[in-house]
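Values below: every heavy atom of this structure, side chains too, minus hydrogens, waters and symmetry copies. When a ligand or atom number is given, it counts from 1 through the structure's own listing order.
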Amino acid sequence: MTTTTKIAAYQAGARDPGTASNFIRSMTRRADPARVPCGGCTGCCRSAYLFADLDAEECGRFPDAVHSDVVGGMVLPKREDGSCTYLIEGKCSIYERRPRACRVYDCRDRLLLGAFDGNDPVMLQALQEWAPFRTPTGEDMDLLSAARAAVQVDGLPETYKEALAKFWAVYRRPKQWRKLMKVAAKFRRRFAAMPVDEVRMLYAELVASATARCKTLGETRRAPAPGSMVRCLKSPVGPRRVAERRS
Ligand code: SF4
Ligand code: SF4
């Protein structure tokens, strides 16, 4: 079975986010603008939870900018439904002069980290339209596992922002990152040698223990919302991917 056939099997019409290793490399030298194959998606422009924040120069260019208590600064205005007022008939009406926040935004970070804000239905829908990251090599699989493990160091994060900060905190410490990569490789080899049913059981236990751990943190951390962090433990880097590789 080729990689392309595997992706097509996930969801008809799903966009290919590329390989995990290419994406992580692109994160570390993120270009302006980010090259995201969005197709017809406008999720981040419609999300009530995402804001196009503006720097001082951009505030001068957008006299209709408003202050956001959430961001703690000036942002582009939104409609009542949470969408950006510059989104007109499904398109950005100021595409060539959109602010930097819009130019560099790449929702695939969330896909990579398995960090989805469960209270944002618009972004959840947008993220579901991507196929999983491709992992054609062992390194790709280990990078994806290590990235998802990094965001869970010292407990599950509450938000995507926290997850991203945790990822960078580990990724920028080569010693820690190498350690996680080693653990990921060890797990991959172990899973590859195990019958698929046993892998599934192991993942079920991992999900249960991650959820229980989250609950025991009580006041400081809440249990993950359905479809949020728990989902990353069920993702294709786990048993499903192993099952495909074995077939
Ligand atoms: S949510 Fe992602 S795919 Fe959709 S428009 Fe935004 S960056 Fe593009
Ligand atoms: S300015 Fe354009 S790209 Fe930015 S949020 Fe608004 S519609 Fe989307």
Return the residue, atom name and 0.1 Å-rounded distance of the protein heavy atom closest to [atom].
atom	answer
atom 6 (Fe) of ligand 2	Cys84 SG, 2.4 Å
atom 2 (Fe) of ligand 2	Cys92 SG, 2.3 Å
atom 4 (Fe) of ligand 2	Cys102 SG, 2.3 Å
atom 8 (Fe) of ligand 1	Cys38 SG, 2.4 Å
atom 1 (S) of ligand 1	Cys44 N, 3.4 Å
atom 3 (S) of ligand 1	Arg15 NH2, 3.5 Å

[X]/[Y] ion pair, N-O < 4.0 Å:
X	Y	result
Asp16	Arg134	yes
Asp142	Arg188	yes
Asp106	Arg108	yes

ask   = Can Asp109 and Phe23 be said to form a side-chain contact (heavy atoms from CB on, under 4.5 Å), step by step?
value = CA-CA 9 Å; Asp109 292 355; Phe23 185 72; 3.2 Å; yes

query = Can you list the ligand 1 atoms lying under 4.0 Å from a non-hydrogen atom of Cys41?
reply =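 Listed by number with element: 1 (S), 3 (S), 4 (Fe), 5 (S).
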
key: Numbered atoms of ligand 1 (with element) below 4.0 Å of Trp130, judged on heavy atoms   =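 Contacts of ligand 1 toward Trp130, numbered from 1: 3 (S).
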
task = Show the numbers, then the answer: is there a side-chain contact (heavy atoms from CB on, under 4.5 Å) between Arg79 and Cys84?
result = CA-CA 6 Å; Arg79 298 189 183 94; Cys84 173; 6.0 Å; no

Is [X] linked to [Y] within one hydrophobic cluster, defined over Ile, Leu, Val, Met, Phe, Trp and Tyr using a side-chain heavy-atom separation of less than 4.5 Å?
X	Y	value
Trp168	Leu111	yes
Val36	Val122	no
Tyr86	Val75	no

task = Could you check which of Leu87, Thr85, Leu50, Leu76 puts a non-hydrogen atom nearest to atom 7 (S) of ligand 2?
result =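 It is Leu87 that holds the nearest heavy atom.
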
message = Taking N, O or S atoms only and a limit of 2.8 Å, check whether Cys45 reaches atom 8 (Fe) of ligand 2.
response =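 Coordinating: yes.
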
task = Specify side chain, backbone, both or neither for Arg108, according to which of its non-hydrogen atoms lie closer than 4.0 Å to ligand 1.
result =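 Looking at Arg108 and ligand 1, no heavy atom falls under 4.0 Å.
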
